[in-house]
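Just below is one structure, and these are the notes that go with it.
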Amino acid sequence: MSSIAVVSAGAMGSAIAKRLVHAGCTVYTNLDGRSPAAHQRALEAGMINVPIETLLSKSNWILSIVPPGEAFAFAQKIRTVLSASPLALPRAFVDCNAVNPETVRRIGGLFRGTPVGFIDAGIVGTPPREGWDPTFYACTEPGSEQVLEEFAALSQYGLKISLLKGAGAGIGDASSLKLCESMMKKGSIGLFMTMMLTAHRSSPATADALMKELSISQPALMSRLIQTVPEGIPKAYRFVAEMEGLAEFVGGGEADVFKGFARVFERVTGSLEGDGVDVETLRSGVEKALELQGTSK
């Protein structure tokens with residue numbers, strides 16, 4: 001069976017690790033500086049917490065699944081330890097983070113000229129659960145197709161992997177696909193939050209009337225709001241860097257849309273860590289939407 005490192009033990013990383021452990025893999029992680037919640041998720045997933053040096057010497061693959069703002073620094077840390085280590089080397093470093101293509105190319109550049117391969121992998125979908133698996137879209141630089149095929153073989157352990165190959169394919173493509181998908185998924189959460197906070201700023205009555213109108217004219221969108229806004233509140237801190245990466249990726253005047261969403265997610269994060277007023281506004285709006293949805297059935 002394969003030995004795989006998954007860093008870190010967030011909702012996605014721990015769920016992927018659990019899938020791999022159930023398939024018989026040994027999954028290592030490093031929880032230095034991580035929260036008690038991360039330690040608990042790792043324990044429940046069957047991950048083995050070891051020092052970085054041990055993790056690298058024992059793992060065939062390194063899956064980086066960290067907050068986007070930490071992706072480059074984590075890769076630098078791995079590269080530094082690899083340079084100083086005389087021990088066995090992993091087959092490849094796999095960046096699975098929602099970062100812009102330029103950042104992932106910089107990360108890939110850290111491993112160029114080393115025995116350690118590099119794979120750009122974008123995870124599209126929610127964390128694995130019973131009956132569901134997200135898709136790893138994966139690519140690498142031309143001439144390194146062998147390591148990509150070896151990565152695809154991890155599908156035997158429960159991962160759903162789709163390779164991006166063919167004319168023009170290279171590092172950055174998987175990250176581009178992931179970001180384009182995020183424009184819709186996480187951008188819509190930013191739009192919902194902006195809409196709800198702005199309506200409430202006018203008055204609570206305006207916010208209630210907005211939910212009533214959505215229940216009549218946009219029931220499908222309201223259902224999505226009910227599902228995604230509560231999920232997005234605790235993840236808002238992660239979405240800040242992802243939206244900023246989207247802004248860099250899109251460029252031009254259109255980038256301002258995603259810069260604005262980054263500020264909204266910053267605001268929600270600040271509320272979650274502070275007075276909680278904006279978070280309560282969002283949660284109350286969702287409760288109102290649920291009430292209206294129930295009465296419309």
Between the NZ atom in Lys288 and the CG atom in Leu214, the distance rounded to the nearest 0.5 Å is 12.5 Å
- Item | Residues Arg283 and Glu287 bridged, charged N to O under 4.0 Å | no
Nearest heavy-atom approach of Asn49 to Leu31 is OD1-N, 3.0 Å
Those residues at least two apart in sequence (or on a different chain) that pass side-chain contact (heavy atoms from CB on, under 4.5 Å) with Leu191 are Phe261
Applying salt bridge (charged side-chain N to carboxylate O under 4.0 Å, His left out) to Lys58 and not counting sequence neighbours gives none
Sequence neighbours excluded, the answer for ring-ring contact (aromatic ring centres under 6.0 Å, His included) partners of Phe151 is Trp61
Hits for side-chain contact (heavy atoms from CB on, under 4.5 Å) against Ser284, two or more places apart or cross-chain, chain-then-number order -> Glu280
For Glu231, the salt bridge (charged side-chain N to carboxylate O under 4.0 Å, His left out) test, sequence neighbours excluded, returns none
Contacts satisfying side chain to side chain donor-acceptor pair (under 3.5 Å) that involve residues 237-253 (not counting sequence neighbours) are Asn100-Glu248, Ser182-Glu242, Lys186-Glu242, Glu244-Arg263
- Task: Please examine the side chains of Met211 and Met196, heavy atoms only from C-beta on, and report whether any two atoms are closer than 4.5 Å.
- Result: yes
In short, ring-ring contact (aromatic ring centres under 6.0 Å, His included) pairs touching residues 107-128 with sequence neighbours left out are Phe93-Phe111
Applying side-chain hydrogen bond (donor to acceptor under 3.5 Å, both in side chains) to Lys259 and not counting sequence neighbours gives none
Hits for salt bridge (charged side-chain N to carboxylate O under 4.0 Å, His left out) against Asp173, two or more places apart or cross-chain, chain-then-number order -> none
Smallest heavy-atom separation, Ser3 atom then Tyr28 atom, equals CB-CE1, 4.1 Å
Residue set satisfying salt bridge (charged side-chain N to carboxylate O under 4.0 Å, His left out) with Asp133, at least two apart, ordered chain then number -> Arg19
To the nearest 0.5 Å, atom OG1 of Thr269 lies from atom NZ of Lys235 at 13.0 Å
Residues joined to Tyr137 in its hydrophobic cluster, side chain to side chain under 4.5 Å directly or through other members, sorted by chain and number, are Val124, Leu164, Leu177
Distance col, row Leu221:CG vs Thr228:OG1, nearest 0.5 angstrom, shows 9.5 Å
The reported gap from NZ in Lys178 to CG in Asp120 (rounded to nearest 0.5 angstrom) is 12.0 Å
Donor-acceptor list for residues 69-82 side chains, cut-off 3.5 Å, not counting sequence neighbours:
unit_1	atom_1	unit_2	atom_2	d
Glu70	OE1	Arg34	NH1	3.3
Glu70	OE1	Arg34	NH2	3.0
Arg79	NE	Leu110	O	2.6
Arg79	NH1	Ser83	OG	2.3
Thr80	OG1	Gln76	O	2.9

Taken to the nearest 0.5 Å, the spacing of Thr29 OG1 from Asp32 CG works out to 9.5 Å
